A.B. asks: 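Before I ask anything, let me first share the structure, which is written out below as structure tokens.
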Amino acid sequence: MAVKISRLNKSFSDLKVIDNLNLELSYGNIHCLFGPSGCGKTTLLNILAGLLDADSGQVEGCEKGKISYIFQEDRLLPWSTVKENIMFVLKSDYTKEKAQNLVEKYLNLVNLLDFKDHYPDQLSGGMKQRVAIARAFSYQGDIILMDEPFKGLDFDLKRDLMDYIINYWQRKNQTLVFVTHDIEETLYMADYVYTFTGPSLNIINQFKIDLAHNKRIIESESMNYYKNLLTKKDDMFIKEID
Ligand SMILES: Nc1ncnc2c1ncn2[C@@H]1O[C@H](COP(=O)(O)OP(=O)(O)OP(=O)(O)O)[C@@H](O)[C@H]1O
């Protein structure tokens, strides 16, 4: 499902975080919202997820029950096992068997099936984040929101998780909205990139990365081209999405 944001506004007291934002995120693509810390990206995701009300404006395509959200932190319940943490978010109309199958399928995808009966404090930070990813996938929303889910993880693990997500997404063809301020993550994951400043959240550049994910070699000539687009602040270099 596509996401359409129209004339969106949000303030916290006298801080205008989102000022008349218009943005259309097409169906079945990975959209990267790239911008510095504090510019308003999480506020936007929280509005898309329905966790926060906008002051005015419209969001289409993010109806209740359609969203899987991977937060910056794992948000696992410490008193529940890995398996229970995932079961907890599943739609209530699933049979027990269907729920168990989903949990096992997605824990397998993130290589954690052997840890399904462990508690979060028995896992490393990276493992907990993988559980959070499996939990979001198990929920099977049409739209996946990801808010800097790889923060603080080492490069190899991050790369593995990005590969899991790309593989999963390619099979499901969902709309993925990925918030980050990491250049490599953006270049590795995105189909479409939106560069923001803020607050208030303002798009300064947007472009499409026309390269298959398995051809994206950081430091190659083609990736350097996109890296330059990503880090350019000058409006002269805006390349419109076709
Ligand atoms: N509940 C709130 N009450 C008051 N101010 C808030 C609230 N939530 C966010 N803000 C402010 O809004 C601005 C945008 O915050 P937001 O978390 O959306 O930014 P961000 O781009 O996601 O940053 P980061 O990458 O560090 O998570 C910041 O100045 C922040 O202090």
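Just so we're clear, the structure is a prediction, and the values are computed from it rather than from any experiment. Numbering of ligands and ligand atoms starts at 1, following listing order.
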A.B. asks: Using a 4.0 Å cut-off on heavy atoms, what residues surround ligand 1? Order them by chain and number.
C.D. replies: Phe12, Leu15, Val17, Pro36, Ser37, Gly38, Cys39, Gly40, Lys41, Thr42, Thr43, Gln72, Glu148, His181
A.B. asks: Without hydrogens or angle criteria, can the side chains of Glu148 and Thr180 be said to hold a donor-acceptor pair below 3.5 Å?
C.D. replies: no
A.B. asks: Report the residues that fulfil ring-ring contact (aromatic ring centres under 6.0 Å, His included) with Tyr188, sequence neighbours left out, ordered by chain and then residue number.
C.D. replies: none
A.B. asks: Under the rule for side chain to side chain donor-acceptor pair (under 3.5 Å), what residues qualify as partners of Lys16, not counting sequence neighbours?
C.D. replies: Asn9
A.B. asks: So, Asn46 and Tyr69: side-chain donor and acceptor under 3.5 Å apart, yes or no?
C.D. replies: yes
A.B. asks: Regarding Asn205 and Tyr194, do their side chains bring together a donor and an acceptor under 3.5 Å, going by distance alone?
C.D. replies: no
A.B. asks: Counting only pairs under 3.5 Å, give me each side-chain donor-acceptor contact of residues 32-42, with atom names and distances, residues two or more places apart or in other chains.
C.D. replies:
{"from": "Lys41", "atom 1": "NZ", "to": "Gly35", "atom 2": "O", "distance (Å)": "3.0"}
{"from": "Lys41", "atom 1": "NZ", "to": "Pro36", "atom 2": "O", "distance (Å)": "3.0"}
{"from": "Thr42", "atom 1": "OG1", "to": "Asp147", "atom 2": "OD2", "distance (Å)": "2.8"}

